[in-house]
Amino acid sequence: MTAVRPGAPGDLGEIRAIQSACPEAAQWDPASYLQYDLLVATEGFRVVGFLAARTLAPGESELLNVAVAPDQRRKGIGRTLVMTLVGRTGGTIFLEVRPSNRAARSLYNSLGFEDVATRPDYYSEPPEPAIVMKFHSC
Ligand SMILES: CC(C)(COP(=O)(O)OP(=O)(O)OC[C@H]1O[C@@H](n2cnc3c(N)ncnc32)[C@H](O)[C@@H]1OP(=O)(O)O)[C@@H](O)C(=O)NCCC(=O)NCCS
């Protein structure tokens, strides 16, 4: 059974390993997540996914990264992480995603995120624009 809890310094090694295994995810220094809202999904003692977000303004936040270990996908873990963020922050959540990232866009769409803008030349390696998505909880 998947549980979600705040991330801690002791989780950074597993977060680094998951992020490294996910080329579609933003590749941040995992230690930097500790200054933001960091959630980890666990199965027993194993960290199987993480989500990082930051507050932009009261009632407004940005989802910085979410990733699930490749062998743990399509089990609802990504959805649980994003829904936990929605439940904690409320208000409006923004994110950027590659148009080619079908799995992530499907996840966000399934939760009610909507495309609101495109940022040209946003990503490098490989170059790609970003789709800005927005979720608003009533
Ligand atoms: C995107 C990601 C976090 C989804 O995690 P996940 O735990 O596999 O997702 P879930 O099992 O919660 O899926 C929820 C819904 O998202 C959609 N979805 C997830 N993966 C999908 C895929 N590969 N293809 C199509 N739809 C997908 C489906 O609608 C799915 O619901 P369903 O399984 O009932 O059909 C995961 O694929 C991942 O870590 N990708 C690499 C990192 C990344 O791209 N991060 C996003 C950066 S913006």
Side-chain angles (χ1 to χ4, degrees):
M1 163 122 184
T2 306
V4 175
R5 61 168 172 77
D11 301 318
L12 294 180
E14 285 174 284
I15 289 172
R16 184 184 302 278
I18 293 169
Q19 185 172 267
S20 299
C22 299
E24 312 91 334
Q27 301 294 313
W28 295 57
D29 174 1
S32 69
Y33 294 136
L34 295 173
Q35 65 189 301
Y36 303 120
D37 297 323
L38 177 61
L39 299 172
V40 292
T42 58
E43 296 274 353
F45 291 111
R46 180 185 171 196
V47 174
V48 291
F50 72 92
L51 179 153
R54 66 176 168 185
T55 302
L56 299 172
E60 205 173 291
S61 54
E62 180 182 21
L63 196 167
L64 299 171
N65 212 357
V66 57
V68 172
D71 68 332
Q72 297 293 315
R73 292 193 186 154
R74 296 311 286 267
K75 294 169 58 180
I77 296 170
R79 176 184 286 132
T80 300
L81 281 164
V82 178
M83 289 310 294
T84 302
L85 175 70
V86 167
R88 283 178 176 229
T89 63
T92 303
I93 301 172
F94 291 95
L95 61 83
E96 286 102 16
V97 61
R98 286 181 184 267
S100 60
N101 194 340
R102 186 169 150 264
R105 292 179 66 194
S106 296
L107 167 64
Y108 302 140
N109 278 139
S110 76
L111 293 174
F113 282 79
E114 295 180 340
D115 298 4
V116 291
T118 302
R119 292 198 209 291
D121 306 320
Y122 186 82
Y123 293 106
S124 56
E125 296 177 26
E128 202 172 346
I131 295 175
V132 181
M133 301 186 79
K134 177 181 173 182
F135 177 91
H136 187 72
S137 61
C138 306

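Both ligands and their constituent atoms are indexed starting at 1 by order of listing.
Where the criterion is an N or O separation shorter than 3.5 Å, residue side chain and backbone included, S110 fails it with respect to ligand 1. Geometrically, ligand 1 and A67 share no nitrogen or oxygen pair separated by less than 3.5 Å. The distance criterion of under 3.5 Å between nitrogen or oxygen atoms is met by V66 with respect to ligand 1. Any N or O atom pair closer than 3.5 Å counts here, and V68 shares at least one such pair with ligand 1.
Protein heavy atom in closest approach to atom 32 (P) of ligand 1: R74 NH2, 3.7 Å. Among all non-hydrogen protein atoms, the one lying nearest atom 41 (C) of ligand 1 is E24 OE1, 3.4 Å. The protein heavy atom nearest to atom 37 (O) of ligand 1 is R73 CD, 3.5 Å. At the top of the distance list for atom 18 (N) of ligand 1, counting protein heavy atoms only, stands A103 O, 3.8 Å. Closest to atom 44 (O) of ligand 1, if we only count protein heavy atoms, is N101 ND2, 2.7 Å. Closest to atom 13 (O) of ligand 1 among all protein heavy atoms lies L107 CD1, 4.3 Å. Regarding atom 12 (O) of ligand 1, its nearest protein heavy-atom neighbour is R79 N, 2.8 Å. The protein non-hydrogen atom at the shortest distance from atom 48 (S) of ligand 1 is Y108 OH, 3.4 Å.
Taking 4.5 Å as the limit, every side-chain heavy atom of V68 sits out of range of all side-chain heavy atoms of R74. The shortest distance between side-chain heavy atoms of Q72 and T2 does not fall below 4.5 Å. By the 4.5 Å heavy-atom criterion applied to side chains, E14 and F50 are not counted as neighbours. Contact of the S100 side chain with the E24 side chain is not registered, since no non-hydrogen atoms from C-beta on lie closer than 4.5 Å. Counting only heavy atoms from C-beta outward, the side chains of R88 and P6 approach each other to under 4.5 Å. Taking the side chain as every heavy atom from C-beta outward, M133 and L63 never approach each other to under 4.5 Å. With contacts defined as side-chain heavy-atom distances shorter than 4.5 Å, the pair R16/D29 qualifies.
Using a 4.0 Å heavy-atom cutoff, E96 is listed among the residues neighbouring ligand 1.
Among V4, L51, L85, the single residue meeting the side-chain contact (heavy atoms from CB on, under 4.5 Å) criterion with T80 is V4. Of the residues listed (L39, N65, D11, V40), the one engaging Y33 in a side-chain contact (heavy atoms from CB on, under 4.5 Å) is N65, and it is the only one.
Within the 4.0 Å heavy-atom criterion, neither part of F50 lies near ligand 1. Contact annotation for Q72 and ligand 1: no heavy atom of the residue comes within less than 4.0 Å of the ligand.
One hydrophobic cluster, built from ILVMFWY side chains closer than 4.5 Å, cannot hold both V66 and I15; they sit in different ones.
Close contacts between ligand 1 and G76 involve ligand atoms 10 (P), 11 (O), 12 (O) [criterion: under 4.0 Å to a heavy atom]. When each atom of ligand 1 is checked for a heavy atom of I77 under 4.0 Å away, the hits are 7 (O), 12 (O). Remark: ligand 1 atoms within the under-4.0 Å shell around heavy atoms of K75 are 11 (O).
Between F113 and F135, the ring planes are tilted. Angles from 30° to 60° get that label.
In terms of modelled atom types and a separation under 3.5 Å, the side chain of R79 and the main chain of L111 share no donor-acceptor contact.
The option with the heavy atom closest to atom 9 (O) of ligand 1, from among G78, G49, A104, is G78.
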